[in-house]
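The structure appears below as structure tokens.
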Amino acid sequence: MDYQKILQSIQRDIEPLKSEGQQADYIPALAAVNPDQWGICINTLDNKQYTLGDSAVPFSLQSITKVFALAMALSLEGDNLWTRMGKEPSGTAFNSLIQLELEKGKPRNPFINSGALVMADVLVERLPNPEAAFIGLARDLSGCPSIDYNFEVARSEHSVAYLNTAIANLLKYHGNIHGDIDRVLRFYFMMCSIEMNCQQLAHAFLAFADHRKPFDHAGFQLTSSQVKRMNAIMQTCGFYDEAGEFSYLVGLPGKSGVGGGIAAVFPGQYSVAVWSPRLNAKGNSVMGMKSLELLTTHSRQSIF
Ligand code: GLN
């Protein structure tokens, strides 16, 4: 498959969308990012890499890190994790409170903010130094020891954390956060602040593309069956209330973040990371989604 040629045609085809959408600005530090950037990288399981555009420019991973959090939480808790959250698509925004109130503090899935806050609580409770363990996993998966938190982005998000604080309070009220709320929120914002470029992010997702191999990274282990099930959750819950649309247009398990990144996998074949800061109304990258739609259309490869 000539993925490089496909990437070039994608770059041409997405050109008309280049000023559609807006970058996230509810986190002040993200408002400062130049929105007119686009990069993509494919890493195949047979060790080939195809990149184009701004694929070496680091960006804020935001909710994409919820996939790493799930790998750690599942490794530590196994199926017990599902006593504290579900694995159903939410059909609501990533930071919605409505469903959480109706469902008495049990998040629909791990990839919305409420689910990730419960996972952050698990990691804070179970690990002596969750920040060190989390960045250790991100470095191991990306193959890049220089990966780090962006403390400024974490601080910036914490300074306007009205909704996430409300979610954490609701969870705590229902007994679904065991630890100190502020400690859990601080760790959550740190997780979201990690930066990678498309090349590093595609590398990090190879571990999920390789779903027939058990996961063993930085001291966290998952069976191949657990890796397969993580892909299932990415497929059904990876794009908030646009998970159906992404599944329909792209047909790959993946996860987006409000930094404009999307990571996806074609199980058994490749991982792909795409980044472009302008988001649609649901908080997903406009050019990122289109790029992946074109990738699976032109390559005629998807899980369907
Ligand atoms: N840190 C962001 C938040 O909690 C992550 C959201 C996202 O990427 N969808 O609002």
Side-chain angles (χ1 to χ4, degrees), residues 21-33 35 58-70 85 89-100 107-121 123 131 134-135 138 149-171 177 181-182 184-196 201 204-205 233-234 237-243 245-246 254-264 273-286 288-289:
Q22 277 194 327
Q23 79 215 81
D25 56 5
Y26 74 98
I27 300 172
L30 293 186
V33 175
F59 61 91
S60 195
L61 293 188
Q62 294 298 320
S63 279
I64 299 172
T65 60
K66 292 178 170 71
V67 177
F68 307 149
L70 179 58
M85 67 188 73
S90 70
T92 56
F94 60 84
N95 52 10
S96 168
L97 279 155
I98 298 172
Q99 205 166 49
L100 192 64
R108 268 290 170 100
N109 69 64
F111 291 159
I112 48 176
N113 290 12
S114 52
L117 284 162
V118 172
M119 293 196 293
D121 181 57
L123 301 182
E131 280 85 357
F134 199 79
I135 203 65
Y149 297 113
N150 182 324
F151 297 93
E152 182 43 39
V153 169
R155 242 194 319 271
S156 169
E157 179 163 17
H158 206 163
S159 73
V160 292
Y162 311 112
L163 268 185
N164 281 319
T165 306
I167 293 172
N169 275 288
L170 200 48
L171 289 165
I177 281 189
I181 292 178
D182 203 54
V184 170
L185 282 166
R186 248 188 304 126
F187 177 49
Y188 171 79
F189 299 132
M190 289 284 279
M191 297 197 293
C192 292
S193 81
I194 291 179
E195 294 185 341
M196 287 188 196
L201 183 59
F205 269 66
I233 300 173
M234 283 193 247
C237 308
F239 298 83
Y240 330 115
D241 43 345
E242 209 170 34
E245 185 75 1
F246 189 84
K255 183 75 202 84
S256 60
V258 291
I262 301 178
V274 59
W275 167 63
S276 187
R278 290 183 192 273
L279 309 178
N280 64 20
K282 308 279 190 187
N284 295 315
S285 169
V286 173
M289 273 187 73

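Ligands are counted one by one from 1 in listed order, and the atoms in each one are counted from 1 as well.
- With hydrogens and angles disregarded, no donor-acceptor distance shorter than 3.5 Å links the side chain of Asp182 to the backbone of Leu185.
- A donor-acceptor pair is defined here as one N or O able to donate and one able to accept, closer than 3.5 Å; such a pair exists between the side chain of Ser156 and the backbone of Ala29.
- Asp121 is linked by a side chain to side chain donor-acceptor pair (under 3.5 Å) to Arg84, counting only residues two or more places apart in sequence or in another chain.
- Taking every heavy atom of Gln62 and a limit of under 4.0 angstrom, the matching atoms of ligand 1 come to 1 (N), 2 (C), 5 (C), 8 (O).
- Against a heavy-atom cut-off of under 4.0 Å, Asn164 is close to the following atoms of ligand 1: 3 (C), 4 (O), 10 (O).
- Checked against a 3.5 angstrom limit, the closest N/O atoms of Val258 and ligand 1 fall inside it.
- Taking a cut-off of under 4.0 Å to the non-hydrogen atoms of Ser63, the atoms of ligand 1 that pass are 5 (C), 6 (C), 7 (C), 8 (O), 9 (N).
- Of the polar atoms of Ser256, none of the N or O atoms is found under 3.5 Å from an N or O of ligand 1, judged by distance alone.
- Within ligand 1, counting atoms from 1 as listed, the ones closer than 4.0 Å to a heavy atom of Phe94 are 6 (C), 9 (N), 10 (O).
- Between the side chain of Tyr240 and the backbone N or O of Ser256, at least one donor-acceptor pair lies under 3.5 Å.
- A donor and an acceptor atom, one from each side chain of Asn113 and Tyr188, are located under 3.5 Å apart.
- The closest donor-acceptor contact from the side chain of Trp275 to the backbone of Met196 lies at 3.5 Å or more, if one exists at all.
- Here the heavy atom of the protein found nearest to atom 4 (O) of ligand 1 is Tyr188 OH, 2.7 Å.
- In terms of protein heavy-atom proximity, atom 10 (O) of ligand 1 is nearest to Tyr26 OH, 2.5 Å.
- Checking side-chain atoms of Lys282 against main-chain N and O of Glu242 turns up no donor-acceptor pair under 3.5 Å.
- For atom 3 (C) of ligand 1, the nearest non-hydrogen atom of the protein is Glu157 OE2, 3.0 Å.
- Ile233 contributes atom CD1, which lies 9.5 Å from atom CE of Met85 (distance to the nearest 0.5 angstrom).
- Every atom of ligand 1 with a heavy atom of Cys192 under 4.0 Å away is listed here by number and element: 1 (N).
- Only the side chain of Tyr240 comes within 4.0 Å of ligand 1, counting heavy atoms alone; its backbone N, CA, C and O stay farther away.
- Listed by atom number, the atoms of ligand 1 under 4.0 Å from Gly257 heavy atoms are 8 (O).
- Residue Lys66 has no N or O atom closer than 3.5 Å to an N or O atom of ligand 1.
- Remark: side-chain polar atoms of Thr165 are paired, donor with acceptor, to backbone N or O of Ala161 under 3.5 angstrom.
- Under a 4.0 angstrom heavy-atom cut-off, Asn113 registers as being in contact with ligand 1.
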